[in-house]
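These notes are about the structure you will find just below.
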Amino acid sequence: MAFNEAFKDYEMQLKKEELRIMLNRRGFVPELSFGAFENDKITAFTLNGIGLFNGVKTAYDTGTGTLKEFRGQGMATKIFTHSIPFLKKAGISQYLLEVLQHNTKAVTVYKKLGFIVNREFNYFVQKNENICLNSKKIHPEYNLQQTDLYRSELMIEFWDFIPSWQNSFEAISRKPDDFRIIGAYKGSELVGYCIIETNSGDITQIAVDKEYRRRGIASVLLKESLKFNQYNSIKVVNTELDCGSITGFLQSNAIPLKGKQFEMIKQL
């Protein structure tokens, strides 16, 4: 598979089913994805997701890769440049991507193509057996229930930052059966929630109403959500760099910072 071949020297590897789940969540559209070929063999590619970002029709770089023996030839730049007219014709007016901050070569290429840094993100990873959950208990007046996105307008009010592309409600809605949403309620009032993609261990969103914080609600939401995790670790990807509340919360549960990313955007 070209994707695995292009990324075989990266720290994170994906199995076929994991790749399918990732592409689906990010809105992958084959008809607006592009590749370079040599004798019918794919040598480089960009897989694009299509959706809305801040209300604007957007293309999102779900994965750009070049086979090792073809690197250093500007293939990714050529593919991106080739794709622009097709994306514009499809009514897309901006392009969004994320890149690891330590991948300075890629960051430089994207800046030369006209991308600007929109936000900076942290990402956190921990093996299940190494998670040390905060043992806080919540008052009996609060209860946990599985829920769905019908209260999404209220959930937005709990946010400290807007979720990234793959953590958005739109991404979750593409295949909601892949997720479990746990709500914390005071009576019938939703006061917090946590969303986990069970096959990947991704905590896509966790938030508590500001009036109900520091009462152990986030800790019990995380604990309950992890019961549904079918993966060997959990990941919390793309929390905003300057959001100290989520960083402190995760680290207090022995979920350490793994790295940082840039969210970059270009108007087409």
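On a predicted model such as this, the values are computed, not experimentally measured, just so you know.
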Would Thr62 and Met22 count as a side-chain contact (heavy atoms from CB on, under 4.5 Å) here? Give the steps.
CA-CA 8 Å; Thr62 296; Met22 184 196 79; 3.9 Å; yes
Please report the interatomic distance CZ(Phe121) to NZ(Lys260), rounded to the nearest 0.5 Å.
12.5 Å
Partner of Ile203 under side chain to side chain contact (heavy atoms under 4.5 Å, CB included), picked from Ile255, Ile195, Leu222, Leu250, is Leu222
Under 4.5 Å between side-chain heavy atoms, hopping through other hydrophobics if needed: is there a path connecting Ile206 to Leu133?
yes
Could you give the distance from CD (Gln230) to CD1 (Ile196), rounded to the nearest 0.5 Å?
9.0 Å
Where at least one partner belongs to residues 219-233, residue pairs that pass salt bridge (charged side-chain N to carboxylate O under 4.0 Å, His left out), sequence neighbours excluded:
Glu224-Lys227
Over all heavy atoms of both residues, which pair between Arg213 and Phe158 is shortest? Give the atoms and the distance, please.
NH2-O, 3.0 Å
CD1 of Ile172 to CD of Gln166: how many Å apart, nearest 0.5 Å?
10.5 Å
Here the salt bridge (charged side-chain N to carboxylate O under 4.0 Å, His left out) pairs for residues 87-111, sequence neighbours left out, are none
Student check: side-chain heavy atoms of Leu149 and Ser173 closer than 4.5 Å:
yes
Would you say that more than 12 heavy atoms from the other residues, nucleotides or ligands in this model lie under 6.0 Å from the CD1 of Ile162, or not?
no
So, for Pro30 and Phe28, which heavy atoms are closest and what is the spacing to 0.1 Å?
CG-CE2, 3.6 Å
Checking Ala90 now: which residues fulfil side-chain contact (heavy atoms from CB on, under 4.5 Å) with it, not counting sequence neighbours?
Leu32, Ile92
Could I get the full list of side chain to side chain donor-acceptor pair (under 3.5 Å) partners for Asp148, not counting sequence neighbours?
none
Considering only residues two or more places apart or on different chains, which pairs with a residue in residues 30-53 satisfy salt bridge (charged side-chain N to carboxylate O under 4.0 Å, His left out)?
Lys41-Glu69
Please name the residue in the list Val236, Leu257, Asp242 that meets the side chain to side chain contact (heavy atoms under 4.5 Å, CB included) test with Asn122.
Leu257
Can you name the residues that form a ring-ring contact (aromatic ring centres under 6.0 Å, His included) with Tyr142, not counting sequence neighbours?
none
Side-chain touch Val107/Gln101, heavy atoms, less than 4.5 angstrom
no
Gln146, CD: over 12 other non-hydrogen atoms inside 6.0 angstrom:
yes
Checking side chain to side chain contact (heavy atoms under 4.5 Å, CB included) between Ile234 and each of Val125, Asn128, Asn253, which is the one that passes?
Asn128
Just verifying a value: how many Å separate Leu87 CG and Ile84 CD1, rounded to the nearest 0.5 Å?
5.5 Å
Just wondering, more than 12 heavy atoms not from Glu141 lying within 6.0 Å of its CD?
yes
Are Thr66 and Thr43 close enough that some pair of their side-chain heavy atoms sits under 4.5 Å apart?
no
How far does CD of Gln73 sit from CZ of Arg71, to the nearest 0.5 angstrom?
11.5 Å
Closest contact, heavy atoms only, Ser245 versus Asp160
OG-OD2, 3.0 Å
Residues forming a side-chain contact (heavy atoms from CB on, under 4.5 Å) with Glu170, sequence neighbours excluded:
Leu52, Ser168, Arg174
Identify all side-chain donor-acceptor contacts of residues 261-268 below 3.5 Å with residues at least two apart in sequence or on another chain.
unit_1, atom_1, unit_2, atom_2, d
Gln261, NE2, Asn238, OD1, 2.8
Glu263, OE1, Asn118, ND2, 2.7
Glu263, OE1, Arg119, NE, 2.8
Glu263, OE2, Arg119, NH2, 3.0
Lys266, NZ, Leu113, O, 2.9
Gln267, NE2, Gln94, OE1, 3.2

For residues 176-193, which side-chain N or O atoms pair as donor and acceptor with protein atoms under 3.5 Å away, sequence neighbours left out?
unit_1, atom_1, unit_2, atom_2, d
Tyr185, OH, Thr147, OG1, 3.3
Tyr193, OH, Trp159, NE1, 2.7
Tyr193, OH, Gln205, OE1, 2.5

Under 3.5 Å: donor-acceptor pair, side chain of Asn229, backbone of Ser233:
yes
Quick one: are Phe161 and Ile246 in side-chain contact, heavy atoms under 4.5 Å?
yes
Would you find a donor on one side and an acceptor on the other, under 3.5 Å apart, between the side chain of Thr247 and the backbone of Gly244?
no
Report the residues that fulfil ring-ring contact (aromatic ring centres under 6.0 Å, His included) with Phe86, sequence neighbours left out, ordered by chain and then residue number.
Phe34, His82
Find out whether Phe115 and Tyr95 are in side-chain contact, i.e. whether some heavy atom of one side chain is under 4.5 Å from a heavy atom of the other.
yes
Sorted by chain and residue number, the ring-ring contact (aromatic ring centres under 6.0 Å, His included) partners of Tyr60 (sequence neighbours excluded) come out as Trp165
Heavy-atom side-chain proximity of Ser33 to Phe45 below 4.5 angstrom:
no
Nearest heavy-atom approach of Lys235 to Ser200 is NZ-O, 2.8 Å
Which heavy atom of Ala76 sits nearest to which heavy atom of Thr64, and what is that distance?
CB-CG2, 3.9 Å
Residues that Phe124 engages under ring-ring contact (aromatic ring centres under 6.0 Å, His included), provided they are two or more places apart:
none
Distance-only polar pair, side chains of Arg26 and Asn48, donor-acceptor under 3.5 Å
no
Which atoms form the tightest heavy-atom contact between Tyr231 and Gly201, and what is the distance?
CB-N, 3.8 Å
Under a 4.5 Å cut-off applied to non-hydrogen side-chain atoms, are Tyr123 and Leu100 in contact?
yes
Look up atom CZ in Phe249 and atom SG in Cys243, then write down how far apart they are to the nearest 0.5 Å.
11.5 Å
Between Ser83 and Thr46, is the side-chain contact (heavy atoms from CB on, under 4.5 Å) condition met? List the steps.
CA-CA 9 Å; Ser83 73; Thr46 294; over 6 Å; no
